[in-house]
Amino acid sequence: MTESSRGAAGDAAPGVARRLACFIYEGVLLFGVVFISGYLYSTLTQQRHAMQGQHGLQAFLFIVLGIYFIWFWSHGGQTVAMKAWHIRVVDNQQRPLGQWRALARYLLSWLWFLPALLSVWLLDLHGLGAIFGSLFAGVLAYAALAWLHPQRQFLHDAICGTRLITQRPVKR
């Protein structure tokens, strides 16, 4: 299926390439969120060295990112990047997501990274190139799984009963 492939309710499913472009744009936007959150964490905890309290920082960032995604997905179905790329997340009946389903989607969306991160840990990789290479290969492999789904949805969407649709702005 292509960009014009249709879901059950007739809304076009965005193409995998467009979703990956949105994914990259989301990462650029989240850089600022993570930077400010990390600064806030280090200020509140009086952290003076990056290696001290790193697990606390990781947990804090996990929660901050969760709040970001859950709030946007349950209040309109679009993050800032999704609005720019005209992509909306809905449940399989085309309804907006509630907070519990948005939470499930957030937790399951870590499937993008967990296999690659697990391989980095199991292989005891330390080089920045090897780590980013593993993450890049893992993300591409995960995205490729969408071509196996009838509506080209990602695995975490198929599991939690959500789907991405094209949401063009209304012309006036």
Side-chain angles (χ1 to χ4, degrees), residues 1-41 58 60-117 132-133 135-172:
M1 287 183 201
T2 63
E3 186 74 34
S4 63
S5 64
R6 300 284 171 188
D11 286 309
V16 174
R18 196 163 118 229
R19 285 183 276 165
L20 285 176
C22 181
F23 177 85
I24 292 168
Y25 184 46
E26 192 80 69
V28 171
L29 295 174
L30 287 177
F31 179 81
V33 172
V34 168
F35 181 82
I36 291 169
S37 299
Y39 178 74
L40 177 65
Y41 178 84
Q58 291 168 347
F60 181 73
L61 292 176
F62 180 80
I63 291 168
V64 167
L65 292 175
I67 291 168
Y68 171 87
F69 284 111
I70 293 165
W71 191 86
F72 277 111
W73 290 338
S74 63
H75 291 84
Q78 295 176 297
T79 62
V80 175
M82 292 168 80
K83 286 180 184 181
W85 285 92
H86 307 295
I87 296 172
R88 179 178 303 275
V89 63
V90 294
D91 70 10
N92 285 333
Q93 288 74 42
Q94 300 290 315
R95 295 181 306 225
L97 302 189
Q99 288 186 340
W100 288 109
R101 191 174 301 257
L103 172 63
R105 186 174 194 269
Y106 172 69
L107 294 174
L108 288 169
S109 70
W110 282 94
L111 290 173
W112 278 95
F113 304 106
L114 287 181
L117 292 174
F132 278 112
L135 284 171
F136 183 73
V139 165
L140 286 182
Y142 188 86
L145 288 175
W147 281 300
L148 300 176
H149 191 274
Q151 278 98 33
R152 301 294 190 250
Q153 297 298 327
F154 291 128
L155 179 61
H156 62 280
D157 284 315
I159 293 171
C160 67
T162 59
R163 51 192 300 267
L164 295 175
I165 61 170
T166 297
Q167 183 71 48
R168 298 282 181 200
V170 177
K171 293 182 181 181
R172 296 176 195 239

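Start at 1 with the first residue, then count along the sequence.
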The criterion is side chain to side chain contact (heavy atoms under 4.5 Å, CB included); which residues satisfy it with L117, sequence neighbours excluded? F113, L135
If I compare all heavy atoms of L61 with all of S37, which pair ends up nearest, and what's the gap? CD2-CB, 3.6 Å
Which residues share a ring pair (Phe, Tyr, Trp, His ring centres under 6.0 Å) with H86, sequence neighbours left out: none
Residues two or more places apart in sequence or in another chain: which of them pass side-chain hydrogen bond (donor to acceptor under 3.5 Å, both in side chains) with D91? R95
Mind listing the closest non-hydrogen atom pair of L29 and A81 along with its distance? CD1-N, 3.7 Å
In terms of heavy-atom contacts, does CZ of F62 have more than 12 from other residues, nucleotides or ligands at under 6.0 Å? yes
My understanding is that only residues two or more places apart in sequence, or in another chain, count here; which of them pass side chain to side chain contact (heavy atoms under 4.5 Å, CB included) with I67? I63
Report the C-alpha separation of F72 and Q78 in whole Å, then their side-chain angles, then the decisive distance to 0.1 Å, and conclude whether the side chain to side chain contact (heavy atoms under 4.5 Å, CB included) test is met. CA-CA 6 Å; F72 277 111; Q78 295 176 297; over 6 Å; no
Could you walk me through whether L40 and V64 pass the side chain to side chain contact (heavy atoms under 4.5 Å, CB included) check? CA-CA 11 Å; L40 177 65; V64 167; over 6 Å; no
Going by ring pair (Phe, Tyr, Trp, His ring centres under 6.0 Å), name the residues that satisfy it together with W71, two or more places apart in sequence or in a different chain. H75
Could you report the tightest heavy-atom contact between H156 and L108, atom names first, then the distance? CB-O, 3.4 Å
Under the side-chain hydrogen bond (donor to acceptor under 3.5 Å, both in side chains) rule, collect the residues that match up with Y41, sequence neighbours excluded. none
Does the gap between the ring centers of Y106 and W73 come in under 6.0 Å? no
With sequence neighbours left out, the residues meeting side-chain hydrogen bond (donor to acceptor under 3.5 Å, both in side chains) with W100 are none
What pairs of residues pass the salt bridge (charged side-chain N to carboxylate O under 4.0 Å, His left out) test when at least one of them lies in residues 98-117, not counting sequence neighbours? R105-D157
Pairs in or reaching into residues 20-34: which pass side-chain hydrogen bond (donor to acceptor under 3.5 Å, both in side chains), with residues at least two apart or in two chains? E26-Y68, E26-T79
For I165, the side chain to side chain contact (heavy atoms under 4.5 Å, CB included) test, sequence neighbours excluded, returns D11, R88, V90, Q94, R163, Q167
What heavy-atom pair brings F69 and L30 nearest, and what distance separates the two atoms? CZ-CD1, 3.5 Å
Heavy-atom pair with the smallest gap, counting every atom of A104 and C160: CB-CB, 4.3 Å
Enter the distance from S109:OG to L114:CG here, rounded to the nearest 0.5 Å. 9.0 Å
Applying side chain to side chain contact (heavy atoms under 4.5 Å, CB included) to A143 and not counting sequence neighbours gives V16, L20, W112, F154
List the residues meeting side-chain hydrogen bond (donor to acceptor under 3.5 Å, both in side chains) with Q99, not counting sequence neighbours, and say none if there are none. none
Determine the minimum heavy-atom distance between G138 and A116, stating which atoms define it. CA-CB, 4.3 Å
